[in-house]
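Proteins get letters first, then strands, A, B, ... in listed order; numbering begins at 1 in each.
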4 protein chains.
Amino acid sequence: MGKTDENKLLKRNALLNAAYELFTGKGIHKTSISDIVERSGIAKGTFYLYFLDKYDLRNKLIVHKAGELFIQAEKALENTNYTVLEDRIVFFVEYIVDYLTENKTLLAFLTKNLSWGIFKEHLGKQTQMTEEGEIDFQWVLKTIFEQSPQKFKDPELMIYMIIEFVGSTVYSAILYQEPVDIQTLKPYLIRTVRFMIQDQEIIL
Amino acid sequence: MGKTDENKLLKRNALLNAAYELFTGKGIHKTSISDIVERSGIAKGTFYLYFLDKYDLRNKLIVHKAGELFIQAEKALENTNYTVLEDRIVFFVEYIVDYLTENKTLLAFLTKNLSWGIFKEHLGKQTQMTEEGEIDFQWVLKTIFEQSPQKFKDPELMIYMIIEFVGSTVYSAILYQEPVDIQTLKPYLIRTVRFMIQDQEIIL
Amino acid sequence: MGKTDENKLLKRNALLNAAYELFTGKGIHKTSISDIVERSGIAKGTFYLYFLDKYDLRNKLIVHKAGELFIQAEKALENTNYTVLEDRIVFFVEYIVDYLTENKTLLAFLTKNLSWGIFKEHLGKQTQMTEEGEIDFQWVLKTIFEQSPQKFKDPELMIYMIIEFVGSTVYSAILYQEPVDIQTLKPYLIRTVRFMIQDQEIIL
Amino acid sequence: MGKTDENKLLKRNALLNAAYELFTGKGIHKTSISDIVERSGIAKGTFYLYFLDKYDLRNKLIVHKAGELFIQAEKALENTNYTVLEDRIVFFVEYIVDYLTENKTLLAFLTKNLSWGIFKEHLGKQTQMTEEGEIDFQWVLKTIFEQSPQKFKDPELMIYMIIEFVGSTVYSAILYQEPVDIQTLKPYLIRTVRFMIQDQEIIL
DNA sequence: GATGAATGAGCCTTCATTCAT
DNA sequence: GATGAATGAAGGCTCATTCAT
């Protein structure tokens with residue numbers, strides 16, 4: 001990587017980090033581009049060399065943050081001995097719920113911004129840069145389902161329902177303990193997720 | 001009601017209606033107060049006699065629209081013979097899903113704005129004016145659960161999970177047929193809702 | 001006084017009092033007519049039955065407050081045995097300085113608003129309603145100078161210089177003890193006032 | 001000075017000049033920021049790059065204008081042979097009175113806005129840029145009093161009384177010839193100033 | 001006389017975006 | 001590529017004043 005390219009990456013990251021702090025701190029709508037460049041110590045005009053506008057930056061930030069989280073969960077999963085797909089999915093869900101319970105800022109950012117649309121479009125299609133290389137989520141998911149001895153009627157629908165259910169349900173419980181705290185919610189959550197999976201399973 | 005009060009109600013409704021059209025049309029953030037008063041044919045200053053700002057209006061609009069919808073579903077439910085609570089809830093959910101399928105504008109408005117917080121705070125505590133009188137949702141729900149022979153571990157949690165699950169899941173299916181269309185989704189939806197209820201049921 | 005007239009006076013006074021509190025509290029420019037009528041519990045439209053606008057009210061308030069103060073000082077003077085005009089003026093000045101030292105709100109209001117122009121126009125020409133009747137300051141001053149055995153080159157100029165000097169000098173000393181406190185300032189003040197008087201005196 | 005810095009100074013001065021004309025023309029409260037930028041031919045947003053608001057601009061304008069005047073009076077004083085401090089002060093006062101008599105706009109602006117507080121805070125502490133360099137008024141005054149063979153009880157109080165007396169007294173006389181014109185007032189003014197000085201002088 | 005809902009002109013301020021340096 | 005001063009459209013909001021009741 002040349003010195004120029006390195007410098008470019010530094011600038012880009014400075015903008016992303018400043019934006020993440022501001023978005024989670026006072027919300028995206030009260031964050032101006034002036035705020036972002038001021039906090040990152042970069043000139044205003046430079047912003048436009050890296051992003052189209054505030055929302056372009058946000059989208060890239062979501063993909064970045066959600067990708068990191070999924071990669072971590074994936075790695076953790078690989079260190080387990082779970083082989084049954086249902087167990088693997090439940091582990092994955094639990095890992096993410098626990099992680100978000102520890103990291104409320106990330107939770108707030110993701111639930112306000114992550115949608116199935118963005119998930120499919122970016123996390124699914126694009127490849128993710130990791131330290132070990134790249135991950136293609138679409139491909140990973142496909143592989144997982146193909147390799148599994150259990151078969152499902154509509155895997156994508158199943159994933160969709162789980163993501164939406166967990167995502168929408170977890171937010172208020174973690175942040176406000178409303179209507180119950182996350183520890184109380186979790187057993188119901190897990191059981192429901194297991195039901196969703198079994199409901200889709202094709203019994204041979 | 002005096003002529004003045006009548007006129008005030010007219011103005012308030014004109015603002016609410018104009019705002020609803022604009023919010024659903026181009027989104028709340030691209031809708032300015034100028035837009036709202038212009039469309040409703042009311043002077044700008046008058047806006048501030050009825051609402052604190054755009055977001056105050058939005059909150060009142062959500063409560064109004066969601067209230068209407070719930071009252072309708074409630075009425076329809078009363079015309080059925082369902083007595084088992086599980087069946088009543090499922091009917092309620094199906095009614096709302098069907099209604100939102102027909103009325104995509106309302107769907108878009110509600111799913112983008114309705115949260116458990118607003119539901120609890122407004123729909124729960126305040127009473128709703130209807131043509132036949134007022135409805136206190138908190139009280140209605142409480143009564144329903146008390147009168148039911150079936151008992152549940154945590155009724156509020158159950159309602160919460162159902163609302164969040166249905167609300168988050170239905171949006172993309174109805175509007176974009178993604179990942180599947182609503183008719184495909186519905187059976188899974190209903191089965192999962194039934195599971196959630198049974199999972200909370202106390203077996204005597 | 002009829003019941004209607006009585007009511008009118010009540011309303012007028014309510015407005016004057018509310019305005020005085022607001023003007024001294026947050027300044028005239030940050031006080032709106034809405035503020036005044038709200039605090040006085042009177043309808044907005046009614047304001048315009050009594051005053052042309054905020055500044056009309058202010059002028060009437062100044063005349064009212066300054067008049068009260070001068071009448072008090074005048075009364076106190078009559079209870080003394082001072083006969084020499086110089087002594088009488090000095091007593092008058094000291095009385096007012098002491099009074100304003102005790103009543104900083106009035107001081108702030110008057111020094112920010114009272115000018116020679118208003119003094120001449122209103123306190124001089126108009127008559128003041130008191131409990132014992134009316135006082136015409138112009139006439140009082142004229143009489144005082146005519147009755148005095150001491151004669152002065154230009155009595156009006158003398159009064160002007162004393163008022164402006166004392167008025168401008170006393171404010172910062174009382175309120176902020178800057179550059180010195182009022183007790184330190186007073187001897188110099190008095191001596192200078194005496195000089196101003198002597199400088200105008202015609203020695204026969 | 002680079003081209004950019006030069007341009008910035010031009011913009012700033014254009015705003016200051018436009019504001020001065022408007023403030024003296026129709027008063028600060030009837031002058032809007034829109035008026036100022038319109039007259040100076042500068043975009044509205046640019047105003048906020050240089051000043052916080054209308055009042056921030058006014059304060060900087062007062063300091064600027066009063067500073068100019070004092071520097072001129074100081075220069076004129078240096079061209080005289082007056083050595084006795086009393087004579088030097090009297091010359092200074094007369095110079096300023098004469099100057100303001102010729103320049104009624106400046107008079108109106110300064111008497112409405114200049115106060116002892118601003119004088120102390122800005123003219124006293126900060127240094128003034130002149131063509132020949134900078135002047136520190138605090139230091140100049142201190143030096144003058146230290147070098148003078150005559151000593152005074154409280155030099156600051158003396159200056160305060162003179163400034164307030166002259167400032168408050170001169171306005172109406174110059175602008176409205178009320179209660180007398182400035183030429184009639186001047187002898188009394190000067191005599192009183194001389195008295196104030198002598199009254200503070202320490203006779204050895 | 002009294003009311004207060006309604007008005008709409010006009011203010012301050014922010015901000016995404018541009019472009020000369 | 002990087003900068004940041006300049007722009008001006010657009011938004012939120014206030015408020016003196018009017019007038020039908």
Side-chain angles (χ1 to χ4, degrees), chain A residues 3-5 7-8 11 29-38 41-57, chain B residues 2-12 29-38 41-56, chain C residues 3-5 7-8 11-12 29-38 41-57, chain D residues 2-12 29-38 41-55:
Chain A
K3 211 171 183 178
T4 306
D5 280 355
N7 190 20
K8 279 177 72 174
K11 288 221 189 297
H29 289 112
K30 289 199 172 169
T31 300
S32 68
I33 290 178
S34 294
D35 292 335
I36 298 169
V37 294
E38 193 180 336
I42 286 171
K44 215 182 229 172
T46 309
F47 179 94
Y48 294 92
L49 300 176
Y50 293 93
F51 305 100
L52 289 174
D53 55 29
K54 199 166 64 174
Y55 299 99
D56 179 41
L57 186 157
Chain B
K3 208 170 179 180
T4 302
D5 281 353
E6 205 174 319
N7 195 261
K8 280 173 74 171
L9 207 58
L10 280 175
K11 290 240 185 291
R12 197 187 125 100
H29 289 113
K30 289 201 173 170
T31 300
S32 70
I33 289 175
S34 294
D35 292 338
I36 298 170
V37 295
E38 194 179 337
I42 284 172
K44 207 183 250 177
T46 308
F47 178 94
Y48 294 93
L49 297 177
Y50 293 93
F51 305 101
L52 290 175
D53 55 29
K54 203 166 61 174
Y55 300 98
D56 179 41
Chain C
K3 212 169 180 178
T4 307
D5 281 355
N7 192 20
K8 280 176 69 174
K11 288 218 190 298
R12 197 187 124 100
H29 289 112
K30 289 198 172 169
T31 300
S32 70
I33 289 178
S34 294
D35 292 337
I36 298 170
V37 295
E38 193 180 335
I42 286 172
K44 216 183 228 172
T46 310
F47 179 93
Y48 294 92
L49 300 176
Y50 294 93
F51 305 100
L52 289 174
D53 57 27
K54 200 165 65 172
Y55 299 99
D56 180 40
L57 186 157
Chain D
K3 208 170 181 180
T4 302
D5 281 354
E6 204 175 321
N7 196 261
K8 281 173 75 172
L9 207 59
L10 279 176
K11 289 240 186 289
R12 197 187 124 100
H29 290 112
K30 290 200 171 169
T31 299
S32 70
I33 289 176
S34 294
D35 292 337
I36 298 170
V37 296
E38 193 179 335
I42 285 171
K44 209 184 247 175
T46 309
F47 179 94
Y48 294 92
L49 297 178
Y50 293 93
F51 305 101
L52 290 175
D53 55 29
K54 203 166 60 173
Y55 300 99

Report the distance from atom [atom1] of [X] to atom [atom2] of [N], rounded to the nearest whole Å.
{"X": "D/I33", "N": "F/dA9", "atom1": "CD1", "atom2": "P", "result": "18 Å"}
{"X": "C/F51", "N": "E/dG1", "atom1": "CZ", "atom2": "P", "result": "14 Å"}
{"X": "D/H29", "N": "E/dC12", "atom1": "NE2", "atom2": "P", "result": "11 Å"}
{"X": "A/D56", "N": "E/dT17", "atom1": "CG", "atom2": "C1'", "result": "15 Å"}

Between CG on residue C/L57 and CZ on residue C/R12, distance to nearest 0.5 Å: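 Between atom CG of C/L57 and atom CZ of C/R12 there are 8.0 Å.
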Rounded distance (nearest 0.5 Å) linking atom NZ of B/K44 with atom OG of B/S32: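 So the NZ of B/K44 and the OG of B/S32 are separated by 7.5 Å.
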Shortest non-hydrogen contact from A/K11 toward A/Y50: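 Looking at all heavy atoms of both residues, the shortest contact is CB-OH, 3.7 Å.
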Heavy-atom closest pair, residues B/I42 and B/T46: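 Between these two residues, the closest heavy atoms are CG2-CB, 3.4 Å.
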Residue met sooner reading DNA chain E from 5', once A/T31 and D/S32 are mapped to nucleotides: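 Between the two, 5'-proximity favours D/S32.
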Within the sub-3.5 Å range, which N or O atoms of nucleotides 3-8 of chain F have a protein N or O partner, and how far apart are they?
| from | atom 1 | to | atom 2 | distance (Å) |
| --- | --- | --- | --- | --- |
| F/dT3 | OP2 | A/T46 | OG1 | 2.7 |
| F/dG4 | N7 | A/G45 | N | 3.0 |
| F/dA6 | OP1 | D/N7 | OD1 | 3.2 |
| F/dA6 | OP1 | D/Y50 | OH | 3.3 |
| F/dA6 | OP2 | D/Y50 | OH | 2.5 |
| F/dT7 | OP2 | D/A43 | N | 3.4 |
| F/dT7 | OP2 | D/T46 | OG1 | 2.6 |
| F/dG8 | N7 | D/G45 | N | 3.2 |

Flag, side chain of D/K54 to backbone of D/I36, donor-acceptor distance under 3.5 Å: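 Not a single qualifying donor-acceptor pair exists.
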Residue matched to E/dA20 through Watson-Crick or wobble contacts both under 3.5 angstrom: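 In the structure as shown, E/dA20 has F/dT3 as its Watson-Crick or wobble partner.
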Among B/F47, B/Y55, B/Y48, the one residue meeting side chain to side chain contact (heavy atoms under 4.5 Å, CB included) with B/F51: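 Among the candidates, only B/F47 passes.
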Residue met sooner reading DNA chain F from 5', once B/K30 and C/Y48 are mapped to nucleotides: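 Whichever sits nearer the 5' end wins; that is B/K30.
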